[in-house]
Number of protein chains: 2
Amino acid sequence: MVELSQRDKKILKAVVVDYIKSGEPVGSRTVSKKYMTNLSSATIRNVMADLEDLGYLYQPHTSAGRVPTEKGLRFYLESLMEIEKLGKRERDAIRRAYLDLTGGVEEILKKTSQVLSNLCSQAAVVLWPRLTATKFKRIEFVRLYRNHVLTILVAESGIVHHRLVTYDEDIAQEELDKLSNYLNDILKDMTLGEVKNRILEEMKEEKALFDQIYNRAMQIMKKALQEKAEEAELYIEGQANLLDNPEFADIERLKRILRAFEDKSRLLKLLDMTLGSSEGVQIILGPETETQELNEISLVSSTYRKGEVVLGVVGVIGPIRMDYPKIVPIVDYTAQVLSELMENPENMDTSRS
Amino acid sequence: MVELSQRDKKILKAVVVDYIKSGEPVGSRTVSKKYMTNLSSATIRNVMADLEDLGYLYQPHTSAGRVPTEKGLRFYLESLMEIEKLGKRERDAIRRAYLDLTGGVEEILKKTSQVLSNLCSQAAVVLWPRLTATKFKRIEFVRLYRNHVLTILVAESGIVHHRLVTYDEDIAQEELDKLSNYLNDILKDMTLGEVKNRILEEMKEEKALFDQIYNRAMQIMKKALQEKAEEAELYIEGQANLLDNPEFADIERLKRILRAFEDKSRLLKLLDMTLGSSEGVQIILGPETETQELNEISLVSSTYRKGEVVLGVVGVIGPIRMDYPKIVPIVDYTAQVLSELMENPENMDTSRS
DNA sequence: ATTAGCACTATACATTACAGAGTGCTAACA
DNA sequence: TGTTAGCACTCTGTAATGTATAGTGCTAAT
């Protein structure tokens, strides 16, 4: 593998930057004039031919300029990109967006997706806090009708999960209240991950066989906690923004992408990939996922946290050609602000005054 | 206003039907050949010219065929359309879709939007049961942090509304439990509309000034019931289906429509219009709403009910040129099935066996 | 009242021509 | 030896042109 010289990198960078701006293949003349006035277009041409041989650039046809390949883009993202610094004005705009919210965490998350999609002029996506990461606050059982119990699970963050479970006996509301009281008592201050484990564990023990109340409580609770794969655990916002990108003028392409959005499971998988990652912004290029449907888009994302615990993911989805230097710091900062809000929800109110 | 002769109507109908099928202006020759073999194209031409003068048809340019105007379409829908009968196969398909659902009403509604968008190959929309129409089942208060109470309202249908309210005093969880117990007691068996009225009414009375528990309960309950205008009270499904319509090949048009969908308030208003309507399917053509954003689409909708009480609306959204004879009965039947399910949720389980 | 026939018109489509942008290569230059 | 000017070549996009097609309105004949 040949090392790129300083000059090669500079030219590669110029091509990527210009391509990101214009969306069109960039020729040697453009690079020479706009980015490297000390070199002639002929020289640039030679270098670009080399870069093409090395797989960083690609030529749509003989007499066209060059377009970065996935490899070229990735190299740019890793080593060449100069992230813009976020201006005070933008930082304020992001913070201010949260000021007049009165509702709970859901509202904050929804607002976040709006902020991101507006500021970046692309689609934005927000993955909800994972159940396992948040703390248990309260459980409530409501008998709706025969054999059917509505379970309402409240996380410490204020997020509410509810679920209708069936139980093979019909339990009166009075007894359900006892069960929930019991559970509220013993599950206090655990994370939902711990809750789940504990329940699975204790159901194995003999005690379950003899203590009916205990047994029922555990059974219902277990059902309440079952992850429903279909559940919409994410917001997508600003899909219409995607239409502003010239690369999506092609209807067929657009259709593929919108369909991918409707079936949220694929996106979930994508976002899950970034959940485990370390701090900071991550960029996933569509082709890297090897998922046909996401081939033409890319994701700029970051996790948000409460203290050290990763809760979820926020990100921006757009075409592979995105204005990364602008978007990366926005996602970064938004995720930070969101983490602060998660840490201390009362902030929101005090900052209003 | 001149009355249309039988023949005029037949020709108008032919134009509309053919236009709905093909999406292109239909000429006299086509009508003569495909729909009225007993008449020559010249005769048809004369009639069509008359229909144009009367405002039922419109000619994009001198040498093109005719396209129905809004007036023409409306006339067709009211008096000429022959609704197709829904085959047993389709009826079964709709019923079967609900069989394997385990969750509550939300899941049913979501499924409904999927069913409609699939069967009609357009976007589908489902308006949730209005708060006021459903019966109160239970209220729960959870203290999240200082001055912040999470209120959880369960309707008899199993729909859960939750909301974070602030209260100017910090109330301990023990007291909140008392308050909710009190409310659960006195609000039993009322509809949420009645609940709201009763609370507003009683807060005026003097009792509120003296009885602190009573007072607090009412205050918080009132806040919990406040309709949040922004709340997403509807599902939209199958937006990508719209891309299959040739009329939406134009990106600009598509953009306008997707933006209209993102701002749900406009759609809500549209659906509200049909809420008050009598039984059966209603069709609203975009231009009739006089809302710029909805100008190019139309809505086929029906209410769904529990007994005599109208709960919400289901519908199909597509281009003004839609296959109404096919879609109307689908919407109609789906709304019926949905009403049955609302009436008696246990149906779902029994039919599974 | 209906229709055949004809002149007329607008669109859609294919063909052609041409300008523009870009390349690779060669030869000259510092 | 690295850089550059110059030139022939290639591909695309666009504008201009001609032609086929589908449709109309009108008139005169049935």
Side-chain angles (χ1 to χ4, degrees), chain A residues 2-12 14-16 18-19 21-69 72 246-247 249-250, chain B residues 2-12 14-16 18-19 21-69 72 246-247 249-250:
Chain A
V2 200
E3 273 293 311
L4 295 186
S5 76
Q6 216 53 31
R7 194 177 69 178
D8 296 343
K9 288 183 187 168
K10 215 173 150 194
I11 290 175
L12 174 55
V15 172
V16 174
D18 203 80
Y19 174 71
K21 251 203 205 97
S22 72
E24 261 151 41
V26 5
S28 56
R29 228 178 87 87
T30 315
V31 174
S32 159
K33 266 195 163 176
K34 291 212 285 187
Y35 300 90
M36 320 207 72
T37 29
N38 53 331
L39 288 183
S40 83
S41 63
T43 314
I44 310 275
R45 270 205 288 286
N46 292 330
V47 176
M48 279 163 86
D50 292 348
L51 287 172
E52 183 167 10
D53 288 342
L54 292 172
Y56 293 104
L57 296 179
Y58 158 77
Q59 199 172 17
H61 62 259
T62 342
S63 77
R66 258 67 171 214
V67 163
T69 60
E247 33 262 275
D250 177 17
Chain B
V2 200
E3 273 294 311
L4 294 187
S5 76
Q6 216 52 29
R7 194 178 69 177
D8 296 343
K9 289 183 187 169
K10 214 172 150 193
I11 289 174
L12 175 55
V15 172
V16 174
D18 203 79
Y19 174 71
K21 252 205 204 95
S22 72
E24 260 150 44
V26 2
S28 56
R29 227 179 90 88
T30 314
V31 174
S32 159
K33 265 194 162 175
K34 290 212 287 188
Y35 300 92
M36 319 206 70
T37 29
N38 53 332
L39 288 184
S40 82
S41 65
T43 314
I44 309 275
R45 270 206 287 287
N46 292 329
V47 176
M48 279 164 87
D50 294 346
L51 288 172
E52 182 167 11
D53 288 341
L54 292 172
Y56 293 103
L57 295 180
Y58 158 78
Q59 200 172 19
H61 57 82
T62 342
S63 79
R66 257 76 169 205
V67 163
T69 61
E247 34 263 275
D250 178 16

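Chain A is the first sequence line, chain B the second, and so forth, proteins listed ahead of strands; every chain is numbered from 1.
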K.L.:
Please report, rounded to the nearest Å, how far the P atom of C:dA21 is from the CG atom of A:D18.
P.N.:
14 Å
K.L.:
Out of C:dG24, C:dT23, D:dG23, which nucleotide sits closest to the side chain of B:R29?
P.N.:
D:dG23
K.L.:
Taking N and O atoms by type only, does the side chain of A:S63 place a donor or acceptor under 3.5 Å from a partner on the base of C:dT23?
P.N.:
no
K.L.:
May I ask you to say what A:S28 touches in the nucleic acid, namely base, sugar-phosphate or nothing, with a heavy-atom cut-off under 4.0 Å?
P.N.:
sugar-phosphate
K.L.:
With heavy-atom distances below 4.5 Å as the criterion, would you say the side chains of B:V31 and B:D18 are in contact?
P.N.:
no
K.L.:
Could you state the atom-to-atom distance from CD1 of A:I44 to P of D:dT3 in whole Å?
P.N.:
10 Å
K.L.:
Using a heavy-atom cut-off of under 4.0 Å over every strand shown, decide if A:T30 touches base, sugar-phosphate, or nothing.
P.N.:
sugar-phosphate
K.L.:
Would you say B:R66 reaches D:dT24's phosphate, i.e. side-chain N/O to OP1/OP2 under 4.0 Å?
P.N.:
yes
K.L.:
What is the distance, to the nearest angstrom, from the CE atom on B:M48 to the P atom on C:dT2?
P.N.:
16 Å
K.L.:
To the side chain of B:A42, which of C:dG24, C:dT3, C:dA10 is closest?
P.N.:
C:dT3
K.L.:
Are B:L39 and B:V47 side-chain neighbours, meaning at least one heavy-atom pair lies under 4.5 Å?
P.N.:
no
K.L.:
Could you tell me the separation between the CG atom of A:L57 and the P atom of C:dG24, rounded to a whole number of Å?
P.N.:
11 Å
K.L.:
Rounding to an integer number of Å, can you tell me how far A:M36 CE sits from D:dT4 P?
P.N.:
11 Å
K.L.:
Whole angstroms only, please: what is the CG-P distance between A:L51 and C:dG22?
P.N.:
17 Å
K.L.:
Grab the CG-P distance between B:D50 and D:dC26 for me, whole Å please.
P.N.:
11 Å
K.L.:
Reckon A:T43 touches a base, only the sugar-phosphate, or nothing at all at heavy-atom distances under 4.0 Å?
P.N.:
base
K.L.:
Please determine, for the side chain of B:Q59, which listed nucleotide (D:dT24, C:dT23, C:dT2) has the closest atom?
P.N.:
D:dT24
K.L.:
Enter the distance from A:S40:OG to A:R45:CZ here, rounded to the nearest 0.5 Å.
P.N.:
7.5 Å
K.L.:
Can you find a pair of side-chain heavy atoms, one from B:R66 and one from B:L51, that are under 4.5 Å apart?
P.N.:
no
K.L.:
DNA chain C: B:H61 or B:N46, which has the more 5' nearest nucleotide?
P.N.:
B:N46
K.L.:
In whole angstrom, give the distance that lies between atom CD of B:E24 and atom P of D:dG23.
P.N.:
10 Å
K.L.:
Taking the minimum atom-to-atom distance to the side chain of A:S40, which one of D:dG23, D:dT10, D:dT4 wins?
P.N.:
D:dT4
K.L.:
Does the side chain of B:L54 reach to within under 4.5 Å of the side chain of B:D8, using non-hydrogen atoms?
P.N.:
no
K.L.:
Using a distance-only criterion (donor-acceptor N/O pair, under 3.5 Å, no hydrogens), is the base of C:dG24 paired with the side chain of A:R45?
P.N.:
yes
